[in-house]
Amino acid sequence: MANKKQVENKRGTVARKVKGFRDIDPSLNQLKWKIINSAGQVYKSYGFEHWDTPILEYADCLGKYLPDDDTVDKGVYSFKNPEVEPVLRADGSELRDEDAHVVMENQHLSMRYDLTSPLARRYAEGLLEKYQRHMLNQMKPPLFRRYQFGPVYRYEIKLSPGRFREFWQLDFDNVGTNDVAADAEVCMVLSDALEAIGLPRKSYVVKVNNRKILTGYLKELGVKDDLTEQNIIRVIDKMDKIGLDKVALELGIGRTDDSGAEVKGLGLDEKLVRSVADFIKGFSIQRKRKEVLTDLRKLDIQNEIAQEGIQEMVKIDSILSALDFDEERVIFDPSLVRGLAYYTGPVYEVESLQSYIDSKGVERRIGSICGGGRYDGLVENLLGIKVPATGASIGVDRLAELLMLTNQAPKRKDGPVFIAYFDEELMPHYQKVARDLRTAGIETEVYYGMDKKKMKKQMAYADDKNCPFVVLIGANEAEAGIATVKNLKLGKEIADKFTDKKEWMEQVQKEVLIGELADYLNEQMKG
RNA sequence: CCCUGCGUAGCUCAGUUGGUUAGAGCGCCUGAUUGUGGUUCAGGAAGUCACUAGUUCGAAUCUAGUCGCGGGGACCA
């Protein structure tokens, strides 16, 4: 038996990326930042301000319960803080043992799994900095509107394409408002942001619903406990994926999936299942918002919560309609529920209506690219008070993928102007030329590779980097105070028209006076 | 975690019912090119056939296990 030590000795270090994480190259970065900048600009125009929060938070502040031992719990990356810190009580004071010593502990830290829970922490902490704790019960919590983007982390057990363990979200939220007008605004912001990013009208649709309607309806049907309600919502959330029939089976007796897997059902009684299925079915065809509202009223749900939900939808519609946000952009879909437990009112989701052909020739859809909703219980376990909040999030990586798959990504950006190296003595001259070009606003690079002697290598490097121009200055040019400028871009375009190399080179090269180089390049790059 | 398929050069893949020395295209490297990317031409490097064990005279090919990857499902704050 090979002992542990022998195996241990064979261990080596290999450059490798952590599974589910990825390196982002310049072209993907270009696309990603275009999304962030365009949407951020829209968020800002509505008055949301840019905040950042740390990637690490105390596990309890994120609202997740402490993991057992040091293992990753429920999809969150958590570990013990190497630093020992005082344990606190709910009122913020230090916990002490019988000897009046402060209890110290290595507390659990988590990597943020979304941007909403750090928002709750920031909001709560902001209030505690400003107000005394006992004031919080008496005051109306202040309004706070922020946008934020950055990476979030989830320990996905099964990785599928487009699903990563590190991915970027782009959120905007209102904390401290119960006004449904803010929810209507969320829909408008989402729509405006997506169009600013470049999605054409009708290529996406913002879907809106109100959790209150379904939960009220379920209460009327006799669903009493929250857990059952939560389960029903979870199953209905699969609607898009598996369809009405299978949803009905999962609500009832369960089903066997095509893959052979057994999916156990909730075991609800048949009558209840039928009522729920009918409810969803009644709204499965997309129509005018006003028609949906009429249908909802026809159901004649007596439950107060449901009534309230419908009233809120009426208000949302009236605002959207007044601003000409019609069904091309925002629709009502009472079967939309969103899986997350914490939503309490209006929920939104943006569905991309575009499809693409995958490598196997199968037509596929990206589906949901944004999500959000109203969550009134968010800071409750941090402050002990309810603060109503509403907001939404764009999945940056999902959207970037959508743009690439549907060929809407911007063309690859040109690289810098490239100054080729000929002669060691001319290095100061190259630097001077490069500096002058940069001053004139031209991105410029001097070659420092280790195979400087080989012009071919230099050209290949410039070509690989998508450089538009190469500036060639040898001893002859330097003496004459000129530079040979080679147009790589043009060279590529007309390459197939020439078989003779000399002729082709004459077309793409030009001698320019050093003093006129910057102007010449700027002129050329304009077109 | 459950079901299922796959693993042959850097990449995409051929490889006959198990049979001697494992192939192609692309890419890469060198040269024609005397200071210059495309095209063309000539040449070159590169694989323990994922790993381990078994069946067999003989295994890339068959069997089992392990690892890795893909597809479907369950879970998902």
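Naming: A, B, ... by sequence-line order, numbering from 1 per chain. When reading the values below, keep in mind they use all heavy atoms of this one structure, side chains included, and skip hydrogens, waters and symmetry mates.
- Between the C1' atoms of G58(B) and U21(B), the separation comes to 16 Å (whole Å).
- Side-chain contact between Arg211(A) and Thr344(A): absent, with no pair of heavy atoms (C-beta onward) separated by less than 4.5 Å.
- At the heavy-atom level, Arg16(A) lies nowhere under 4.0 Å from the strands shown.
- Remark: G18(B) base-pairs with no nucleotide; criterion is Watson-Crick or G-U wobble with both hydrogen-bond distances under 3.5 Å.
- If you measure from atom CG of Leu115(A) to atom C1' of A77(B), you get 13 Å, rounded to the nearest angstrom.
- Between Leu159(A) atom CG and G70(B) atom P the separation is 7 Å, expressed in whole Å.
- Nucleotide C6(B) is matched to G68(B) when pairs are restricted to Watson-Crick or G-U wobble geometry with both distances under 3.5 angstrom.
- For A74(B), the OP1/OP2 oxygens have no side-chain nitrogen or oxygen of Arg234(A) closer than 4.0 Å.
- Between Asp114(A) atom CG and C76(B) atom C1' the separation is 12 Å, expressed in whole Å.
- If you check C75(B) for Watson-Crick or wobble pairing at under 3.5 angstrom, you find it has no partner at all.
- Rounded to a whole angstrom, the distance from the P atom of U66(B) to that of G27(B) is 41 Å.
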Chi angles and distances behind the side chain to side chain donor-acceptor pair (under 3.5 Å) call for Lys465(A), Tyr461(A): CA-CA 6 Å; Lys465(A) 239 177 142 168; Tyr461(A) 175 85; 3.2 Å; yes
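- Nucleotide C75(B) holds its P atom 18 Å from the OH atom of Tyr155(A), rounded to whole Å.
- Looking at Asn209(A), its side chain does come within 3.5 Å of a backbone N or O of Leu336(A) through a donor-acceptor pair.
- Separation of the P atoms belonging to U30(B) and G37(B) is 13 Å when rounded to the nearest angstrom.
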Protein-to-nucleotide contact annotation, 5' to 3' order, nucleotides 28-41 of chain B [B base; S sugar-phosphate only; - none; under 4.0 Å, heavy atom]: --S----BBBBB--
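- Neither side chain, Asn81(A) nor Tyr58(A), offers a donor N or O lying under 3.5 Å from an acceptor on the other.
- For Lys158(A), the side-chain atoms get nearest to G73(B) when compared with the rest of G73(B), C75(B), C69(B).
- Nucleotide G43(B) has C29(B) as its partner under the Watson-Crick or G-U criteria, with both atom distances under 3.5 Å.
- Taking only side-chain nitrogens and oxygens, Arg154(A) never comes nearer than 4.0 Å to OP1 or OP2 of C76(B).
- Separating the C1' atom of G31(B) from that of C49(B) is a span of 33 Å, rounded to the nearest Å.
- The backbone N or O of Lys452(A) sits less than 3.5 Å from a side-chain atom of Gln458(A), completing a donor-acceptor pair.
- Comparing U61(B) with A53(B), their P atoms are spaced 14 Å from each other, to the whole Å.
- With hydrogens and angles disregarded, no donor-acceptor distance shorter than 3.5 Å links the side chain of Trp168(A) to the backbone of Phe149(A).
- Separation of the C1' atoms belonging to C11(B) and C3(B) is 31 Å when rounded to the nearest angstrom.
- Heavy atoms of Lys19(A) sit under 4.0 angstrom from primed sugar atoms or phosphate atoms, though from no base atom.
- When only modelled atom types and interatomic distance are considered, Ser117(A) and Glu57(A) share no side-chain donor-acceptor pair under 3.5 Å.
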Please list, pair by pair, any protein nitrogen or oxygen found under 3.5 Å from a nitrogen or oxygen in nucleotides 25-27 of chain B.
none

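- The aromatic rings of Tyr343(A) and Tyr375(A) sit tilted relative to each other, their planes meeting at an angle between 30° and 60°.
- With hydrogens and angles disregarded, no donor-acceptor distance shorter than 3.5 Å links the side chain of Ser393(A) to the backbone of Gly371(A).
- Within the 3.5 Å criterion, the main-chain N or O of Glu156(A) finds a donor-acceptor partner in the side chain of Arg165(A).
- Of the P atoms belonging to G5(B) and G65(B), the separation is 13 Å, rounded to the nearest Å.
- Per the geometry, CD belonging to Gln230(A) stands 14 Å off C1' belonging to C75(B), to the nearest Å.
- If you check every strand for non-hydrogen atoms under 4.0 Å, Tyr461(A) touches nothing.
- Leu266(A) places its CG atom 12 Å from the P atom of A74(B), with the value rounded to the nearest Å.
- Across the P atoms, C62(B) and U16(B) are found 10 Å apart, a figure rounded to whole Å.
- Of the possible polar contacts, none joining the Arg121(A) side chain to the Cys61(A) backbone as a donor-acceptor pair under 3.5 Å is found.
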